[in-house]
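Predicted model, so just to flag it, every value in this text is computed and none were measured. Just so we're on the same page: letters track the sequence lines, and every chain starts at 1.
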Amino acid sequence: MRPLEAVNDFVVKFANVNGSGSASANQLFAKSILRMGVPATPRNIFPSNIQGLPTWYEVRVSEANHLGARGGTDLMVAMNPQTWDQDLKSIEPGGYLFYDSTRPLPPSKFRSDITVIGMPLTAICNAEYTDSRQRQLFKNIIYVGALSALLDIDPAVLETLIGEQFKAKEKLIDVNIHALHLGRDYALQNLACPIGLRVRKADAIGDRIFIEGNAAAGLGAVYGGATVCAWYPITPSTSLAEGFTRYCNRYRVDKETGKKRFAIVQAEDELASIGMVIGAAWNGARAFTATSGPGISLMQEFIGLAHFAEIPAVIFDVQRAGPSTGMPTRTQQCDVLTAAYASHGDTKHVLLFPEDPHECFEMSALAFDLADRLQTPVFVLLDLDIGMNERLCAPFRWDDNRRMDRGKVMTAEDLEAGRDFGRYLDVDGDGIPYRTYPGTHPTRGAFFTRGTSRDRYARYTEEGAAYQDNMERLLRKFDTAKTLVPRPIRRAAAEPTRLGAIYYGSSSAAMDEAVSLLAGQGIALDTLRVRGFPFHEDVRRFVSDHDQVFVVEQNRDAQLRTLLITEEEFDPAKLSRVLHYDGSPITARFIAGRIAETVSSLKIVPLRKAVP
Amino acid sequence: MTYLPKPKLHHPKLPTNELGFTRRDYEGSISTLCAGCGHDSISAAIVHACFELSLPPHRIAKLSGIGCSSKTPTYFLGNSHGFNSVHGRMPSVLTGANLANRDLIYLGVSGDGDSASIGLGQFAHSIRRGVNMVYIVENNGVYGLTKGQFSATADKGARNKRGLANLDEPIDLIGMALQLGATYIGRGFSGDKAQLVPLIKGALTHKGAAFIDCISPCVAFNNHVGSTKSFDYVREHNAAVNFLDVIEGRDEIVVDHAPGTVEVVRQHDGSLLKLRKIARDYDPTDRIAAMNFLQQHQARGEIVTGLLYVDPDADDLHGYLDTAEKPFNQMTDAELCPGTTALEKLNAALR
């Protein structure tokens, strides 16, 4: 077997033990590749655990800008004996295994079709350090040093990064650089460097930035004018509220008084989180919560209240694999239906599907405008893959002329001038009524907010006609939402085709790559990336323009497909499922494989008309 | 059932307060509760208290959950925004509303089912956060709207209308409020308006989490022999510890009672709580003593009423969070959005 050879196009996977301090060393490795101008996409595959269980960090290096997961491993850095067997198995034929050779392993523990690179990491650490914690932590930096030699990574870049990382703790710089060279020098002297996989300086990054989706969404909430955040800790959404906290402390603390222009409450549960959000938004502040599927389940009753009483609320759902506790640290797009129709009674909600951290920022800020404009809950559906992993994306942009759209709010002047105020009165024909903030005017504009039915002037009523009138106005409002949510993005194949694919959210990077893989196999595919719900009319156009449309999703039950069929009444036979739901991020190989399979089966087995 | 407006006409010589409002200006629409319901007396006491304090009605936000008690905000303060939210969840909605605009007065109205059963968690957490609010539980020990099931404050052994005894221990909201750090705690009785009005006034002037447990007999389902929340039972077992007077402004007050029988507490806003002592040894500023006193009297079957605890120097959630003085809902783009310069700098740091 010839060892793999590739420049700027390979996958390195680190198998570590949770809590061993590997995360920052692995991040250093990924960043060094980025700094060499080569796109690298890291993914954390971690257990629901703080210490002891296996954890992996996968870095896909791709000068061609494939940022989705690829599947397979070209170089395995096997630092966890617990997972040795499965790690060994996952290496591509011709790939490489880097391991700690301090304790000899029998030949049966290896494979003959890969290149095995042993380095006595523990022995080196034990000789160099006496403190046990240092032995463990520096082992990680030492292997990064060795990898720099094996993969031809510029050590100066690593040194710069270490300098930046420990800017505030200068004495740590030298010791880390020392450990780095300890590993690098050993590798240069004792191992065949470089191997067939190499990083070569390139210029493929451009002005892009590297950040987690959750942090980006938290920042978007700051720019979007959110002042109240109520949340309950839940993986994988926690870092969103923490990101908001961090950016608020940076941007929203008064320099003179030290007073804060934000309030963050860690609530006792998700019911209280959403209750606080609704209370704050009712009272005219921009408010949000961040949660994941189980939290959405708990919020159902309140979401119905906000929908029916028409109160803005922004809900970030960083999706993880369900049902129940499911796989809390694995990714999925499995809350589409539960979010779209959350709560009892006839309800529908606005959904946004960001594809990467750039859109997490944009859609986060936008969600607050939409919620105020439409006076309704707005869900931003992230997932663990984009939420908790750093990703290369377009830089954040803002227009200083942009102003918050607070929607239809009647002021004290409006009320004083005698404008007719009916809280649920459709004045403009778009289904959106006017509201007032509490305390606006001494004698006008007060009304009673309730989840029970009422007439157009917010007066309690159980009359069927008034109830129905209101429910129909809510539908009109939802139609208005179609024109306000982000439009889908349509991309045409290089040649005309009757095949299309609809996808959304974090499947984006894998989908882009799958399109080129399929084009290489002679399958042309037009694509449509859905970015919001209710569906824009472009979705209908796209489906009618194609004979067969693949709906690519990361859940078992084809939830977006269900939503498309239910809301747009598309012919189910026209929409083929491409479903990935084992908790790992969807890959281009998977998408292309499934689509190619279906396309060939469609050609081989002719469609027979049912004989009457 | 439809909305019933109340006639606006009133006697021309009806007294007005400092703002020129009459008591009628603090009323709401006609109550749809049962005739004689204790809750209506509490609504009347709220109207009275707000009128006497000359509070601008539109600067009060009234919030409730679900249940008979939670319906009452429709029946008082018609010029205030109201929010009839979700069963047991008024405290979180009120907390959020309070965060959005610290300048309004927040009046939370709840019941024993709403606060002690389904909403016990939210009751507890809003109290321990020190939300600046008046939280009134209209406590009748039963579910009225679903026709007479026991609630979590019903005493063990108390009998329902069909004669069945309650098997569960009662939840004592006053005891919990004391333990959780409420900074103004009172217990009233809907049948004693003279005691209740000043208790509500004191709570309205208090900064911090003010909690009032008001025993409010349910005439339809819990006013029979064998009930421990009936008018007769409460009157017979009422053990008032003090009688409160709320005095606004900073006028010197003249103590015209025998030494040791009157205590004056000055609150944060300058208002004075004048307490005429009934139980001589009761000190409402001593939390631990109050807990002991209440437990001892409860064990004897007595219902202790009055101002049970006050911390006149209490702070609130905004104080703990160190938030800006300006209400969040009035902040502008310039105050909230860091703008492009900051974003460019951030972009650069993320490369």
* Most contacts with chain A, counted as non-hydrogen pairs under 4.5 angstrom, among B:Q122, B:E344, B:K62 -> B:Q122
* Does some side-chain heavy atom of A:R35 sit less than 4.5 Å from a side-chain heavy atom of A:F210? -> no
* To do: Considering only heavy atoms and a distance below 4.5 Å, find which of A:A365, A:G451, A:G284 pairs most often with chain B.
  => A:G284
* **Test item: A:C229 and A:V265 side chains (from C-beta on) under 4.5 Å apart, heavy atoms** => no
* Asked: Relative to chain B, which segment of A:R397 carries a heavy atom at a distance below 4.5 Å: side chain, backbone, both, or neither?
  -> backbone
* Please flag which part of A:L219 lies under 4.5 Å from any non-hydrogen atom of chain B: side chain, backbone, both or neither. => side chain
* To do: With a 4.5 angstrom heavy-atom cut-off, could you sort out which part of B:T323 is near chain A: side chain, backbone, both or neither?
  => both
* Heavy atoms only, distances under 4.5 angstrom: which of B:E325, B:K326, B:R129 has the most pairs with chain A? Name it, please. => B:R129
* Asked: At a heavy-atom separation under 4.5 Å, does B:Y106 approach chain A through its side chain, its backbone, both, or neither?
  -> side chain
* **Which portion of B:L343 sits near chain A, non-hydrogen atoms under 4.5 angstrom** => both
* Examine whether an atom of A:A281 lies under 4.5 Å from a heavy atom of chain B, and if so say whether it belongs to the side chain, the backbone or both; otherwise answer neither. => neither
* To do: Look at the aromatic rings of B:F83 and A:W282 and report parallel, tilted or perpendicular, splitting at 30° and 60°.
  => tilted
* Between A:D207 and chain B, which part of the residue has a heavy atom less than 4.5 Å away: side chain, backbone, both or neither? -> both
* Structure fact -> Heaviest contributor of heavy-atom pairs below 4.5 Å to chain B, chosen from A:N283, A:L392, A:I205, A:L305, is A:N283
* To do: Check whether any side-chain N or O of B:S115 sits under 3.5 Å from a backbone N or O of B:V137 as a donor-acceptor pair, and report yes or no.
  => no
* Contacting region of A:R252 [heavy-atom separation from chain B under 4.5 Å] -> side chain
* Could you tell me whether the side chain of B:N17 and the main chain of B:E52 form a donor-acceptor pair under 3.5 Å? => no
* Structure fact -> Most contact-rich option vs chain A, by heavy-atom pairs under 4.5 angstrom, among B:A97, B:A324, B:A124, is B:A97
* Structure fact -> Given A:V228, A:L271, A:I278, the one with more heavy-atom pairs under 4.5 angstrom with chain B than any other is A:L271
* **Contact leader toward chain A among B:P327, B:A61, B:A342, where contacts are heavy-atom pairs under 4.5 Å** => B:A342
* Part of A:D254 lying under 4.5 Å from any heavy atom of chain B -> neither
* Between A:F361 and A:Y223, does the ring centre distance come in under 6.0 Å? -> yes
* If you count the non-hydrogen atoms of other residues, nucleotides and ligands that lie under 6.0 Å from CG in A:D203, is the total more than 12? -> no
* Just checking, is any N or O donor in the side chain of A:S273 or A:E270 under 3.5 Å from an acceptor N or O on the other one? -> no
* Asked: Where on A:R250 is there a heavy atom nearer than 4.5 Å to chain B: the side chain, the backbone, both, or neither?
  -> side chain
* chain B interface, residue from A:R286, A:M404, A:R450 that has the most non-hydrogen pairs under 4.5 Å -> A:M404
* **Close side-chain approach of A:K260 and B:L321, heavy atoms under 4.5 Å** => no
* Please state whether the side chain, the backbone, both or neither of A:V222 comes within less than 4.5 Å of a heavy atom of chain B. => both
* Asked: Taking atom types as modelled, is there a side-chain donor on B:R128 or B:H125 under 3.5 Å from an acceptor on the other?
  -> yes
* So which part of A:A287 gets closer than 4.5 Å to some heavy atom of chain B, the side chain, the backbone, both or neither? -> neither
* Flag, side chain of B:D112 to backbone of B:A116, donor-acceptor distance under 3.5 Å -> no
* **Donor-acceptor contact below 3.5 Å, side chain B:S85 vs main chain B:S64** => yes
* Proximal component of B:P57, with respect to chain A [non-hydrogen, under 4.5 Å] -> neither
* To do: Identify which of A:A446, A:A230, A:A466 forms the greatest number of heavy-atom pairs closer than 4.5 Å to chain B.
  => A:A446
* Output field: ring centroids B:F328/A:F262 closer than 6.0 Å -> no
* Out of A:T257, A:I211, A:D399, A:I274, which one racks up the most heavy-atom pairs below 4.5 Å with chain B? -> A:I211
* **Side chain / backbone / both / neither for B:S126 at chain A, heavy atoms under 4.5 Å** => neither
* Asked: Does A:D405 reach the side chain of A:D372, with side-chain heavy atoms less than 4.5 Å apart?
  -> no
* Asked: Of the backbone (N, CA, C, O) and the side chain (C-beta and beyond), which part of A:L34 lies under 4.5 Å from a heavy atom of chain B, both, or neither?
  -> neither
* Is there a donor in the side chain of B:Y143 and an acceptor in the side chain of B:D114, or the other way round, less than 3.5 Å apart? -> no
* Under 4.5 Å from any heavy atom of chain A - which part of B:L63 -> side chain
